[in-house]
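Below is one structure, written out as structure tokens; comments come after it.
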Amino acid sequence: MTTELDRLAARLREFARARDWEQFHTPKNLAMALAGEVGELVAEFQWLTPAQADDLDPETLARVRAELGDVLLYLVRLADTVGVDLSEAANAKLEENERRYDPASYCGSTRKAPPLTS
């Protein structure tokens with residue numbers, strides 16, 4: 001079954017191939033580009049109050065939307081380049097977090113859980 005992420009990865013592969021950009025899309029370069037785009041996303045929220053961040057004006061929301069798109073594109077391209085299924089990785093991480101952060105012990109808490117011991 002082909003997922004939306006699979007289709008997006010294929011489009012990105014073709015986008016890079018058509019421009020001969022595979023040579024630049026190394027894991028290191030893609031990770032660095034991803035970090036840069038995350039920085040641009042963070043900059044949109046940097047000086048906002050919590051109330052402003054919860055209720056973005058249309059112009060800011062449009063910029064946030066564009067930066068989220070950039071972050072997702074680089075993340076999908078990086079995962080595709082290193083052969084990681086993002087859905088599988090995210091589900092595995094969520095399952096781990098469900099084991100580490102049981103609701104009874106962590107409800108309403110920001111404290112860090114100890115590492116899992118197998």
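Remember, it's a predicted structure, so these values are computed and weren't measured experimentally.
Taking all atoms of both residues into account, the shortest heavy-atom contact from Glu44 to Thr60 is OE1-CG2, 4.1 Å. A pairwise comparison of heavy atoms in Tyr106 and Arg111 identifies CE2-NH1, 3.4 Å as the closest pair. Here the shortest heavy-atom pairing between Thr2 and Arg7 reads O-NH1, 3.1 Å. The minimum heavy-atom distance linking Asp70 with Glu37 is given by the pair OD2-OE1, 3.1 Å. Smallest separation of non-hydrogen atoms from Tyr74 and Ala33: CE2-CB, 3.4 Å. Listed here is the closest heavy atom pair of Ala16 and Glu22: O-OE1, 3.7 Å.
Remark: Arg100 CZ is packed, more than 12 non-hydrogen atoms of other residues, nucleotides or ligands lying under 6.0 Å away. Within a 6.0 Å sphere centred on CD of Gln23, heavy atoms belonging to other residues, nucleotides or ligands number more than 12. Within a 6.0 Å radius of CZ in Arg11, no more than 12 heavy atoms belonging to other residues, nucleotides or ligands are found.
Taking hydrophobic clusters as Ile, Leu, Val, Met, Phe, Trp and Tyr residues chained together by side-chain heavy-atom distances below 4.5 Å, Trp21 does not share a cluster with Leu12. Both Leu8 and Val84 are part of a single hydrophobic cluster, where members link through side-chain heavy atoms under 4.5 Å apart. Under the 4.5 Å side-chain heavy-atom criterion for grouping Ile, Leu, Val, Met, Phe, Trp and Tyr, Leu94 is not connected to Tyr101 through any hydrophobic cluster. One hydrophobic cluster, built from ILVMFWY side chains closer than 4.5 Å, holds both Leu34 and Val82.
Taking the ring centre of Phe15 as origin, the terminal cationic atom of Arg19 falls inside the region bounded by 6.0 Å and 45° from the ring axis.
Side chains of Gln52 and Asp55: a donor-acceptor N/O pair is absent below 3.5 angstrom, by distance only.
Screening Leu78, Leu73, Leu72 for a side chain to side chain contact (heavy atoms under 4.5 Å, CB included) involving Val76 leaves a single residue, Leu72.
Taken to the nearest 0.5 Å, the CG atom of Asp102 stands 10.0 Å off from the SG atom of Cys107. For the atom pair CG of Leu56 and CG of Leu48, the computed distance is 6.5 Å after rounding to the nearest 0.5 Å. Once rounded to the nearest 0.5 Å, the distance linking CG of Asp80 with CG of Leu86 reads 9.0 Å. Of the inter-residue distances, the one linking Asp20 atom CG with His25 atom NE2 reads 10.5 Å to the nearest 0.5 angstrom.
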- Message: Applying salt bridge (Lys or Arg N to Asp or Glu O under 4.0 Å) to Arg63 and Glu67, what does each step give before you reach the verdict?
- Response: CA-CA 6 Å; Arg63 290 193 310 269; Glu67 295 307 335; over 6 Å; no

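Contact check for Leu30 versus Phe24: no side-chain heavy atoms found under the 4.5 Å cut-off.
One N or O on the side chain of Asn91 and one on the backbone of Ser87 form a donor-acceptor pair closer than 3.5 Å.
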